[in-house]
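Fair warning: this is a prediction, and the values are worked out from it, not measured in the lab. Protein chains get the first letters and strands the later ones, always in sequence-line order, with residue 1 at the start of each. These numbers come from the heavy atoms of this one structure, side chains and all, not from hydrogens, waters or symmetry mates.
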Amino acid sequence: MLQLQAIRESKNEFITALKKRNIDAAPLLDKAIALDDKRRETQTKLDKTLAESNSLSKEIGMLFKTGKAQEATVLKEKTGVLKEESKVLSDTLTSVAEELQTLLYQIPNIPHDSVPAGNTEEDNEEVFAEGDVPELVSSALPHWELAKKYDIIDFELGVKVTGAGFPVYKGKGARLQRALISYFLDKNAEAGYTEIQVPHLVNEASGYGTGQLPDKEGQMYHVGEDDLYLIPTAEVPVTNLFRGEIIKEEQFPICYTAYTPCFRREAGSYGAHVRGLNRLHQFDKVEIVRVEHPSKSFEALDGMVEHVKNILRELKLPYRVLRLCGGDLGFTSVLTYDFEVFSTAQDRWLEISSVSNFEAYQSNRLKLRFKDENGKSQFAHTLNGSSLALPRVLAGILENYQVEDGIEIPEVLIPYCGFSKID
RNA sequence: GGAGAAAUGGCAGAGUGGUCGAAUGCGGCAGUCUUGAAAACUGUUGAGGGUCACACCUCCGGGGGUUCGAAUCCCUCUUUCUCCGCCA
């Protein structure tokens with residue numbers, strides 16, 4: 001969430017920038033400032049009351065010690081009144097603070113200067129493209145047909161066991177999946193990201209920390225009995241490792257990578273756009289997460305973008321990079337680059353990675369701080385990106401690498417797979 | 001799942017109703033000494049709110065209660081440890 005101080009200092013700039021998200025932020029920001037004023041005012045009054053009450057209590061203590069019980073009794077009546085007052089003030093403070101918090105949760109992050117205005121994905125800005133779209137054989141099929149033909153992914157079996165959107169990977173399909181996970185993790189480790197394994201279920205506080213809660217709870221599977229959420233992305237557990245931490249400046253940059261399955265309820269639509277691997281309730285993803293010094297976060301973002309480019313280059317997949325417009329930008333993000341692979345057989349682009357800088361927005365929720373050179377606590381910046389999401393990469397490989405009599409395996413993956421062709 | 005014990009500052013660990021935001025040790029930082037380092041000695045060292053700066057307020061796992069006053073007493077939740085049971 002946004003910091004009050006920043007809202008006070010840059011209100012007009014924020015209003016302008018939030019217009020790119022098609023939000024009229026003026027009333028929200030004004031209300032936040034008004035609530036904060038009220039909060040401060042109430043706090044000051046409460047502090048004074050408590051201070052008086054504290055000093056009286058000390059006096060009473062002294063009087064009892066020196067045997068002046070009667071005088072103490074007189075003072076006791078006074079503190080009784082103060083107690084009432086402070087109770088009222090403290091209740092007011094709690095409710096004002098809650099109201100302020102709720103309001104702040106509703107205000108999205110401020111888009112970066114470079115973020116284009118716009119409403120839909122049509123308005124996203126292509127900033128880079130690379131790789132040749134292959135000429136496919138005339139009998140080329142979309143990946144869900146290929147999956148069936150070579151018996152490597154079984155969607156119906158998944159329906160039987162669980163439901164739609166939970167595929168079963170078989171044989172070389174399963175092996176290719178595992179190969180991709182290993183390959184991505186290795187590439188990330190090579191680039192300096194420390195591999196970690198994290199829980200796949202998180203508590204409510206973690207959901208709030210990274211911004212899935214309170215508004216997007218419908219997106220996550222909730223285990224009611226234990227009040228836990230299945231993670232929609234590794235971002236949630238990994239970033240929450242740092243919740244409430246005050247780190248040392250020399251610990252920057254913090255770079256983690258984690259493989260996890262991801263679970264998304266998303267009441268999805270039906271049809272060709274979500275067929276096969278295009279949209280799933282459970283899928284695998286390798287994520288990269290960074291915690292950075294505020295002065296370095298955009299440099300880090302660029303680094304992450306280059307890193308993902310390298311992987312796609314090695315896989316020899318045709319892809320493009322988009323800078324998301326204000327309307328498509330995630331609630332907590334300042335700047336996001338989406339990576340899309342071209343699926344030749346489907347003749348469309350598939351999103352396979354999203355790399356974002358959240359600046360201090362998540363940190364403020366997480367209370368993730370560091371000590372700067374003056375010994376002051378400051379919020380760190382957090383970033384994350386997929387490196388990479390499995391299903392659509394898999395779809396891209398299956399479709400773009402298909403030949404007359406099978407599917408070839410990208411060269412870099414052969415050592416991981418132990419075979420060079422699916423047939 | 002059953003029985004018991006515990007949760008205090010970066011760590012260890014005192015503190016069982018009143019100047020306790022908290023002894024002491026270790027660690028960290030600064031200084032003295034030293035060519036330099038180590039050792040020794042001296043000082044300093046939690047977070048948040050608030051203030052120009054002070055003052056002041058809050059926080060001893062979370063929440064609630066008793067009391068003029070709570071780290072300390074009561075209730076509750078969570079977590080950890082020990083023993084038993086079960087188990088990949």
Side-chain angles (χ1 to χ4, degrees), chain A residues 1-9 32-101 103-104 197-209 213 222-229 237 240-252 254 261 291 360 362-380:
Chain A
M1 62 192 171
L2 299 177
Q3 293 162 259
L4 257 318
Q5 204 191 336
I7 294 178
R8 284 177 186 279
E9 283 168 8
I33 291 172
L35 280 171
D36 190 45
D37 285 340
K38 177 125 190 248
R39 199 209 91 234
R40 284 198 204 182
E41 186 195 321
T42 314
Q43 179 82 60
T44 309
K45 277 191 202 158
L46 176 62
D47 284 358
K48 276 191 186 150
T49 312
L50 288 174
E52 205 175 325
S53 172
N54 283 346
S55 74
L56 280 177
S57 287
K58 278 178 189 166
E59 246 179 88
I60 291 170
M62 293 304 286
L63 289 172
F64 272 121
K65 263 190 191 166
T66 49
K68 297 175 182 163
Q70 278 190 336
E71 290 177 44
T73 313
V74 177
L75 289 184
K76 271 195 193 184
E77 282 174 30
K78 270 194 188 171
T79 57
V81 176
L82 290 173
K83 208 179 170 187
E84 299 271 310
E85 281 176 23
S86 66
K87 177 95 178 83
V88 173
L89 285 167
S90 143
D91 286 349
T92 309
L93 184 64
T94 308
S95 74
V96 171
E98 262 172 30
E99 202 182 335
L100 178 59
Q101 178 88 332
L103 179 68
L104 288 175
Q197 293 194 7
V198 290
H200 299 166
L201 279 82
V202 294
N203 56 29
E204 197 180 44
S206 293
Y208 275 96
L213 297 175
H222 182 227
V223 183
E225 187 95 10
D226 300 290
D227 199 16
L228 295 172
Y229 295 87
N240 272 284
L241 296 175
F242 299 97
R243 173 151 46 84
E245 296 290 316
I246 299 177
I247 60 180
K248 296 204 172 84
E249 203 169 345
E250 58 266 26
Q251 284 177 266
F252 290 127
I254 295 170
V291 180
Q362 284 185 331
S363 292
N364 190 12
R365 287 195 176 187
L366 293 160
K367 303 296 169 227
L368 162 52
R369 291 159 295 184
F370 70 97
K371 289 269 188 212
D372 66 17
E373 61 273 21
N374 303 318
K376 280 270 212 176
S377 291
Q378 267 194 61
F379 289 119

Base-pairing mate for [N] - Watson-Crick or G-U, with both contacts under 3.5 Å:
{"N": "B/rA38", "answer": "none"}
{"N": "B/rA22", "answer": "none"}
{"N": "B/rA53", "answer": "none"}
{"N": "B/rC60", "answer": "none"}
{"N": "B/rG43", "answer": "B/rC29"}
{"N": "B/rU79", "answer": "B/rA6"}
{"N": "B/rA70", "answer": "none"}
{"N": "B/rG85", "answer": "none"}

Taking [M] as the reference, what is the distance to [N] when you measure between their [atom1] atoms (whole Å, please)?
{"N": "B/rG17", "M": "B/rC74", "atom1": "C1'", "value": "13 Å"}
{"N": "B/rG15", "M": "B/rG21", "atom1": "C1'", "value": "13 Å"}
{"N": "B/rG61", "M": "B/rG9", "atom1": "P", "value": "8 Å"}
{"N": "B/rG85", "M": "B/rU78", "atom1": "P", "value": "25 Å"}
{"N": "B/rA23", "M": "B/rU16", "atom1": "C1'", "value": "16 Å"}
{"N": "B/rC20", "M": "B/rU58", "atom1": "P", "value": "15 Å"}
{"N": "B/rG27", "M": "B/rU72", "atom1": "C1'", "value": "28 Å"}
{"N": "B/rU19", "M": "B/rC56", "atom1": "C1'", "value": "16 Å"}

Nearest 0.5 Å, please: how far is [atom2] in [Y] from [atom1] in [X]?
{"X": "A/Thr42", "Y": "A/Asp91", "atom1": "OG1", "atom2": "CG", "result": "11.5 Å"}
{"X": "A/Leu100", "Y": "A/Glu98", "atom1": "CG", "atom2": "CD", "result": "11.0 Å"}
{"X": "A/Leu368", "Y": "A/Asn240", "atom1": "CG", "atom2": "CG", "result": "10.0 Å"}
{"X": "A/Met1", "Y": "A/Ile7", "atom1": "CE", "atom2": "CD1", "result": "10.0 Å"}
{"X": "A/Ser377", "Y": "A/Ile247", "atom1": "OG", "atom2": "CD1", "result": "11.0 Å"}
{"X": "A/Leu63", "Y": "A/Lys76", "atom1": "CG", "atom2": "NZ", "result": "11.0 Å"}

Charged N to carboxylate O under 4.0 angstrom, A/Glu41 versus A/Lys45? yes
Is the shortest distance from a Lys or Arg side-chain nitrogen in A/Asp36 or A/Arg39 to a carboxylate oxygen in the other one below 4.0 Å? yes
Expressed as a whole number of angstroms, how long is the span from [X]:[atom1] to [N]:[atom2]?
{"X": "A/Leu50", "N": "B/rC59", "atom1": "CG", "atom2": "C1'", "value": "13 Å"}
{"X": "A/Glu41", "N": "B/rC57", "atom1": "CD", "atom2": "C1'", "value": "16 Å"}
{"X": "A/Lys376", "N": "B/rC29", "atom1": "NZ", "atom2": "P", "value": "22 Å"}
{"X": "A/Leu75", "N": "B/rG18", "atom1": "CG", "atom2": "C1'", "value": "14 Å"}
{"X": "A/Lys45", "N": "B/rU51", "atom1": "NZ", "atom2": "P", "value": "16 Å"}
{"X": "A/Glu52", "N": "B/rC57", "atom1": "CD", "atom2": "P", "value": "12 Å"}
{"X": "A/Leu82", "N": "B/rU67", "atom1": "CG", "atom2": "P", "value": "16 Å"}
{"X": "A/Ile60", "N": "B/rG18", "atom1": "CD1", "atom2": "C1'", "value": "11 Å"}

Pairwise 5' ranking along RNA chain B for A/Gly80 and A/Leu46, keeping only the more 5' one: A/Leu46
Let me spell it out: for each of A/Lys87 and A/Met62, pick the nucleotide of RNA chain B with the closest heavy atom. Which residue's pick is nearer the 5' end? A/Met62
Who are the ring-ring contact (aromatic ring centres under 6.0 Å, His included) partners of A/His200, not counting sequence neighbours? none
Residues at least two apart in sequence or cross-chain that pass side-chain hydrogen bond (donor to acceptor under 3.5 Å, both in side chains) with A/Gln43, listed by chain then number, are A/Asp47
Go through the structure and list residues passing side-chain hydrogen bond (donor to acceptor under 3.5 Å, both in side chains) with A/Glu77, not counting sequence neighbours. none
Are there any protein N/O atoms within less than 3.5 Å of an N/O atom in nucleotides 69-74 of chain B, and if so, which ones and at what distance?
| unit_1 | atom_1 | unit_2 | atom_2 | d |
| --- | --- | --- | --- | --- |
| B/rG69 | O4' | A/Ser57 | OG | 3.4 |

Near RNA chain B, which residues from residues 198-209 of chain A have a heavy atom under 4.0 Å away? none
Side-chain N or O of A/Asn54 less than 4.0 angstrom from OP1 or OP2 on B/rU58? yes
All N/O pairs under 3.5 Å across the protein-nucleotides 48-50 of chain B interface:
| unit_1 | atom_1 | unit_2 | atom_2 | d |
| --- | --- | --- | --- | --- |
| B/rG48 | OP1 | A/Arg369 | NH1 | 3.4 |
| B/rG48 | OP1 | A/Ser377 | OG | 3.1 |
| B/rG49 | O3' | A/Arg39 | NH2 | 3.3 |
| B/rG49 | N2 | A/Asp47 | OD2 | 3.2 |
| B/rG50 | OP1 | A/Arg40 | NE | 3.3 |

Under 6.0 Å from the NZ atom of A/Lys87, do we count more than 12 heavy atoms belonging to anything else shown? no
Are A/Ser206 and A/Asn203 close enough that a side-chain donor and a side-chain acceptor fall under 3.5 Å? yes
Worked verdict on A/Phe242 versus A/Ile254 for side chain to side chain contact (heavy atoms under 4.5 Å, CB included): CA-CA 10 Å; A/Phe242 299 97; A/Ile254 295 170; 3.4 Å; yes
